[in-house]
Amino acid sequence: MSVDTGAPPPKATQGNEDIADTPSEFLVEFLTQLKATTSENAPETTRTLVNQSLELATGLLTYPLAMSSGVSKDAQLLANETKAIDFEVLYNEGKTGSFKFFKEMSSDLLQGQILKMMVRMTGAKKVLEIGTFTGFAALNMAEGLPSDGKLVTMELLPFFAQFARDFFSRTPTGSKITVQEGSAIDLLKNLAEKRESFDLIFIDAAKKDYKDYLQIILDSNILAPGGTMLFDNTIFKGATFMENFPNAAFARGGPGVHNFNKILQNETRVEQVVLPISDGVTIVRRIGE
Ligand SMILES: C[S@@+](CC[C@H](N)C(=O)[O-])C[C@H]1O[C@@H](n2cnc3c(N)ncnc32)[C@H](O)[C@@H]1O
């Protein structure tokens, strides 16, 4: 099965090593390379500025996480279990179709906390996620729901749908979560037919389908009045705006996400703001609500 997540793995031999997946992580990588190639004979001001830039960029990744409350024990366990998956083996067994997944496709620890906080701040009682993966974002958002809250998460690949279901069943929060398996567009149409609506929708599946998700959700009122949508990866490593992004696979994905951002900008029914957190998260609300 061909899965287009819009985020192909950046290295052909992708294993389980850490990779840069956000603009801030790439910035640290670039500055680390710059430091390594800055001659000891370079002017002192140059070397100082390189060191300060790297310190600042690294701190922007680590400091917010260190000063935040942290994720729950269950969420930490899921993050650990996601890291332990051998994506190479999954790929070789044909469980991820033609695409080799990687652990960074999960929301990270800070984003998990941000999503949970968003659920709490909006007072959402019904949350929809498009793109489950191993379930990390879903679990964090469900933890932010009141006890009678519900979360539906959609996943194309049977392996990940089952992985998430199995994990959720081991947690108290899991009873709030339903994993729907299938193509998000088909599943969204089902929700539309049933006239279901959600207070908060986190969109994080195939980037090429973002514009379709947006249209179906708005046309069918799957977003409840006054509700909020969050689109993930809208800065897409920086490949949306950088010329000659140095990672070829990500460079190919950038223009598609940029195109979606422009569609969103021209969509008269909504207002939006792009947050430069993680890989870019765009908050979208209907105008006037
Ligand atoms: C970036 S991951 C989601 C990460 C998850 N939201 C989190 O933050 O932990 C994207 C997921 O979307 C799924 N996906 C890709 N195309 C899809 C489609 N057309 N319908 C439903 N799910 C899809 C992929 O299989 C993958 O598991």
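As the structure lists them, so they are numbered: ligands from 1, and atoms in each ligand from 1. Values reported hereafter were calculated over all heavy atoms of this structure, with side chains retained and with hydrogens, waters and symmetry mates removed.
Residue Glu44 places its CD atom among 12 or fewer non-hydrogen atoms of other residues, nucleotides or ligands, all under 6.0 Å distant. For Lys126, the NZ atom is densely surrounded, since the number of other residues' heavy atoms within 6.0 Å is greater than 12. Other residues, nucleotides and ligands contribute more than 12 heavy atoms inside 6.0 Å of the CD atom of Gln215. By the 6.0 Å contact criterion, CE on Met117 is open, its count of non-hydrogen atoms from other residues, nucleotides or ligands being 12 or less.
Stacking of Lys95 on the aromatic ring of Phe159 is not recorded, the 6.0 Å distance cut-off and the 45° axial limit not both being met.
The heavy atom nearest to atom 16 (N) of ligand 1, out of those in Ala161, Ala164, Ala206, Gly135, is found in Ala206. Compare Asn233, Asp212, Asp204 by their heavy atoms: the one nearest to atom 4 (C) of ligand 1 is in Asp204. Distances from atom 24 (C) of ligand 1 to the heavy atoms of Glu155, Glu181, Lys207 show the closest one on Glu155. Here atom 1 (C) of ligand 1 lies nearest to Met105 when heavy atoms of Met105, Met154, Gln111, Glu104 are compared.
With 3.5 Å as the limit, one finds no donor-acceptor pair spanning the side chains of Asn261 and Gln265. There is no side-chain donor-acceptor pair under 3.5 Å between Asn247 and Lys237.
Using a 4.0 Å cut-off to heavy atoms of Ser107, the atoms of ligand 1 that qualify are 7 (C), 8 (O), 9 (O). Atoms of ligand 1 found under 4.0 Å from any heavy atom of Gly182 (numbered from 1 in listed order, with element): 20 (N), 21 (C). Under a 4.0 Å criterion applied to the non-hydrogen atoms of Ala184, ligand 1 contributes the atoms 18 (C), 20 (N), 21 (C). The contact set between ligand 1 and Ser183, taken as ligand atoms under 4.0 Å from a residue heavy atom, comprises 20 (N). Shown in contact with Ser106 at under 4.0 Å from a heavy atom are these atoms of ligand 1, numbered in order with element: 9 (O). Every atom of ligand 1 with a heavy atom of Ala137 under 4.0 Å away is listed here by number and element: 7 (C), 8 (O), 9 (O). Shown in contact with Thr132 at under 4.0 Å from a heavy atom are these atoms of ligand 1, numbered in order with element: 5 (C). In the vicinity of Glu129, heavy-atom distances shorter than 4.0 Å reach the ligand 1 atoms 5 (C), 6 (N).
The ring-ring contact (aromatic ring centres under 6.0 Å, His included) contacts involving residues 163-194 comprise nothing, where partners must be two or more places apart or lie in separate chains.
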Tell me which donor-acceptor pairs under 3.5 Å the side chains of residues 58-66 have, and how far apart each pair is, sequence neighbours excluded?
residue : atom : partner : partner atom : Å
Thr58   : OG1  : Leu54   : O            : 2.7
Thr62   : OG1  : Thr58   : O            : 3.2

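Note: no N/O pair closer than 3.5 Å links Ala205 and ligand 1 by distance alone. The shortest N/O to N/O separation between Leu156 and ligand 1 falls below 3.5 Å.
Using a 4.0 Å heavy-atom cutoff, Phe99 is absent from the residues neighbouring ligand 1.
Val127 and Leu188 are members of different hydrophobic clusters when ILVMFWY side chains are connected at heavy-atom separations under 4.5 Å.
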